[in-house]
Structures are given as C-alpha cells and as structure tokens.
Amino acid sequence: QVQLVESGGGLVQAGRSLRLSCAASGSIGYINTMGWYRQAPGKQRELVARITSGESTTYADSVKGRFTISRDNVKNTVYLQMNSLKPEDTAVYYCNVIPWVGTVYWGQGTQVTVSS
C-alpha cells in the first residue's frame, strides 16, 4: 500500500521560512516526477513546483527566487524550501507523486498560513 506523508506546514510571519516534506512509502516503485500544488480559499489548485527524476525543476512565477524544490531518492522524499514567505502564499499545500508505472498519488495536504 502506497502512503504519502506530508509535514512541515504551520503558521509563520511574513518574511520567515518553512520547509515542507513529503515522504512516499510502500510499493510505489520508481518515481518519475514529484511536485507541490497549493490551493488557497476560493481559488483553483495551482502548481507551485515540480521536479523530475533527472532533477529538472519547474516553478510558478509567483514563487521563483523564493521557493526551492528538491528530492532525496534514497528516502523517496520531496522537499519544498519556502523563503521570504508572503501572506499570499497562504494555502493548503499538496504533495503530488507520479510513478513511472501506476497511478498518480496525492498527499493529504498541509496548511501554510503566513501572517502580515
């Protein structure tokens, strides 16, 4: 059984940092792409960052220069380092994992709240 466990969310003041983690376990096999999406109240879920098995990265324009995505293939974990947080970053952040074979998986979501 595949499990995705997210951690690292919380409440912080603007300008501070958080690091999100998402650990995949179980019979997921080889992982192709891992990423982070977020959904703010009243808004559509959007891609924040994505990283391939070859460590090619993609970022939303709104987070470029502030967020960094990385992965540890030994631990099957993806991270999102979030610096210089802004109130508009407030959202529920979801981990997304695409294995080479099989279905796409989503984490349960972790709340990030940034106060001004």
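From W106, atom CH2 reaches atom CD1 of I98 across 8.5 Å, with rounding to the nearest 0.5 Å. In this structure, CD on E55 lies 10.5 Å from CD1 on I69, to the nearest 0.5 angstrom. I31 contributes atom CD1, which lies 7.5 Å from atom CG of N73 (distance to the nearest 0.5 angstrom). Taking SG of C22 as the start and CG of L80 as the end, the distance is 11.0 Å to the nearest 0.5 Å. Rounding to the nearest 0.5 angstrom, the gap separating the CD atom in Q3 from the OG atom in S27 is 10.5 Å.
M34 and V5 are members of different hydrophobic clusters when ILVMFWY side chains are connected at heavy-atom separations under 4.5 Å. Transitive grouping of hydrophobic side chains (ILVMFWY, heavy atoms separated by less than 4.5 Å) brings V97 and Y59 into a common cluster. Under the 4.5 Å side-chain contact rule for hydrophobic residues, V12 and W36 share a cluster. V2 and V78 fall within a single hydrophobic cluster, where Ile, Leu, Val, Met, Phe, Trp and Tyr side chains are chained together by heavy-atom contacts under 4.5 Å.
Heavy atoms from other residues, nucleotides or ligands lying under 6.0 Å from CZ of R45 number more than 12.
Heavy atoms only, all atoms of each residue included: P87 and S116 are closest at CG-CB, 4.0 Å. Heavy-atom minimum distance, Y94 versus G107: CD2-O, 3.7 Å. When all heavy atoms of I28 and P99 are compared, the closest pair comes out as O-CB, 3.6 Å. Of all heavy-atom pairs between R66 and L85, the closest is NH1-CA, 3.9 Å. Of all non-hydrogen atoms in D89 and S84, the two that sit nearest each other are OD2-O, 4.5 Å. Of all heavy-atom pairs between A24 and L4, the closest is CB-CD2, 3.4 Å.
With salt bridges taken as basic N to acidic carboxylate O contacts below 4.0 Å, one links D61 and K64.
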Verdict with reasoning, Y37 to V92, per side-chain contact (heavy atoms from CB on, under 4.5 Å): CA-CA 8 Å; Y37 288 71; V92 177; over 6 Å; no

Could you go through the side-chain contact (heavy atoms from CB on, under 4.5 Å) check for V112 and L20 one step at a time? CA-CA 9 Å; V112 172; L20 305 183; 4.1 Å; yes

Go through it in stages, so that I can follow the logic: the residues are V63 and M82, the test is side-chain contact (heavy atoms from CB on, under 4.5 Å), and I'd like the CA-CA distance, side-chain angles, deciding distance and then a yes or no. CA-CA 9 Å; V63 307; M82 303 185 294; over 6 Å; no

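Ring planes of Y93 and F67: tilted class, angle from 30 to 60°.
For the pair R38 and S62, the minimum side-chain heavy-atom distance is below 4.5 Å.
Side chain of R71 to backbone of T52: a donor-acceptor contact under 3.5 angstrom is found. Side-chain atoms of E6 come within 3.5 Å of backbone N or O of G109 as a donor-acceptor pair. Side-chain atoms of T57 do not come within 3.5 Å of backbone N or O of I51 as any donor-acceptor pair. Side-chain N or O atoms of Y79 include none that pairs as donor or acceptor with a backbone N or O of T68 at under 3.5 Å.
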